[in-house]
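Working notes, beginning with the structure itself.
Keep in mind that what you see is a predicted model, and the values were worked out from it rather than measured. Just follow the structure's listing: the first ligand is 1, and inside any ligand the first atom is 1.
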Amino acid sequence: MAMEQTLSMIKPDGVKRGLIGEVIGRFEKQGLKIKAMKMLHLTLNQARAFYAVHKERPFYDSLTGFMSSGPIVALILEGENAIQVNRDLMGATDYRQAAPGTIRADFAKDIEANIVHGSDAPETARTEIAFFFNALEKV
Ligand code: CMP
């Protein structure tokens, strides 16, 4: 197993519903270390840039509207196999298919408003981390 970093976001629904502490608590209990963290409100253009990989998908406009609808929390998580560990904590994108005890199974009510985002591979993690954080913002 490799030491990895991954990018996590607590989405506008997670922030609005008061789940920041709950989600971060799960990261820490699982042994993921927080290497950077900030709250920000993405503009529509920033959300469109972050999710550019999905620009041909039918849900792109709705997703980017939702992601720019309120504040989010962005974090860098670090640990052995952090990308998969974080994905296991989140559960499947569709909360109806998420394993019991995962963040999305426990809290999500919608495939789009699914509380959290996490990088899906090392290359994506590098790009997504660079999107949010510069060198001075990481410990
Ligand atoms: P996320 O892991 O952030 O990656 C893309 C996001 O698109 C996903 O979580 C959901 O918020 C959103 N989304 C909306 N509809 C769908 C869909 N049908 N399939 C996948 N993702 C969707």
Side-chain angles (χ1 to χ4, degrees):
M1 278 198 301
M3 190 58 95
E4 286 177 341
Q5 291 191 341
T6 189
L7 188 280
S8 167
M9 276 193 287
I10 304 174
K11 297 185 178 185
D13 57 325
V15 173
K16 271 193 201 102
R17 290 172 58 193
L19 294 171
I20 297 172
E22 172 71 34
V23 170
I24 292 177
R26 290 183 184 214
F27 295 154
E28 293 194 319
K29 279 195 203 93
Q30 201 58 38
L32 292 169
K33 299 277 180 243
I34 296 168
K35 304 297 285 185
M37 177 163 71
K38 64 174 138 186
M39 180 178 261
L40 68 157
H41 191 147
L42 293 170
T43 64
L44 178 59
N45 278 343
Q46 288 168 337
R48 290 176 74 85
F50 183 84
Y51 279 113
V53 64
H54 292 307
K55 63 178 185 296
E56 308 301 337
R57 308 287 283 272
F59 55 79
Y60 181 64
D61 284 346
S62 172
L63 170 64
T64 53
F66 162 63
M67 288 302 298
S68 57
S69 68
I72 62 147
V73 176
L75 308 96
I76 302 175
L77 304 175
E78 183 179 271
E80 291 285 341
N81 217 13
I83 295 169
Q84 190 59 46
V85 169
N86 182 40
R87 293 179 72 75
D88 291 346
L89 280 173
M90 292 192 298
T93 304
D94 184 347
Y95 70 100
R96 292 164 296 191
Q97 284 157 27
T102 60
I103 294 167
R104 286 165 172 163
D106 286 349
F107 301 111
K109 298 169 177 170
D110 188 274
I111 191 168
E112 178 174 277
N114 59 356
I115 314 288
V116 277
H117 166 84
S119 310
D120 63 1
E123 185 50 40
T124 329
R126 272 189 289 280
T127 314
E128 293 184 350
I129 285 170
F131 183 91
F132 282 108
F133 297 101
N134 65 41
L136 285 175
E137 296 171 310
K138 304 177 201 172
V139 296

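In this structure, Arg104 counts as a contact residue of ligand 1, since one of its heavy atoms falls inside 4.0 Å of the ligand.
A salt bridge links Asp61 and Arg48; the closest N-O separation between the charged side-chain nitrogens and carboxylate oxygens is under 4.0 Å. A salt bridge does not link Asp13 to Lys11: none of the charged nitrogens lies less than 4.0 Å from a carboxylate oxygen.
Counting the atoms of ligand 1 from 1 in the order shown, those under 4.0 Å from a heavy atom of Glu112 are 10 (C), 11 (O), 14 (C).
Of the protein's heavy atoms, Leu63 CD1, 3.7 Å lies nearest to atom 12 (C) of ligand 1. Nearest to atom 5 (C) of ligand 1 among the protein's heavy atoms is His54 NE2, 3.5 Å.
Linking ILVMFWY side-chain heavy atoms closer than 4.5 Å, directly or via other members, places Ile76 and Val85 in two distinct hydrophobic clusters.
In this structure, Phe132 and Phe50 have tilted ring planes: the angle between them lies in the 30° to 60° band.
Under 4.0 angstrom from ligand 1, the non-hydrogen atoms of Ile111 come from both its backbone and its side chain. If you look at Lys11 next to ligand 1, the close heavy atoms, those under 4.0 Å, all belong to the side chain. With a heavy-atom cut-off of 4.0 Å, Tyr51 touches ligand 1 through its side chain alone.
At under 3.5 Å, a nitrogen or oxygen of His117, whether backbone or side chain, sits near a nitrogen or oxygen of ligand 1.
Distances from atom 20 (C) of ligand 1 to the heavy atoms of Phe66, Phe59, Phe50 put Phe59 nearest.
Contact check for Ile10 versus Leu75: side-chain heavy atoms found under the 4.5 Å cut-off. Looking at Glu22 and Asp106, their side chains never come closer than 4.5 Å, going by heavy atoms from C-beta outward. By the 4.5 Å heavy-atom criterion applied to side chains, Thr6 and Glu128 are not counted as neighbours.
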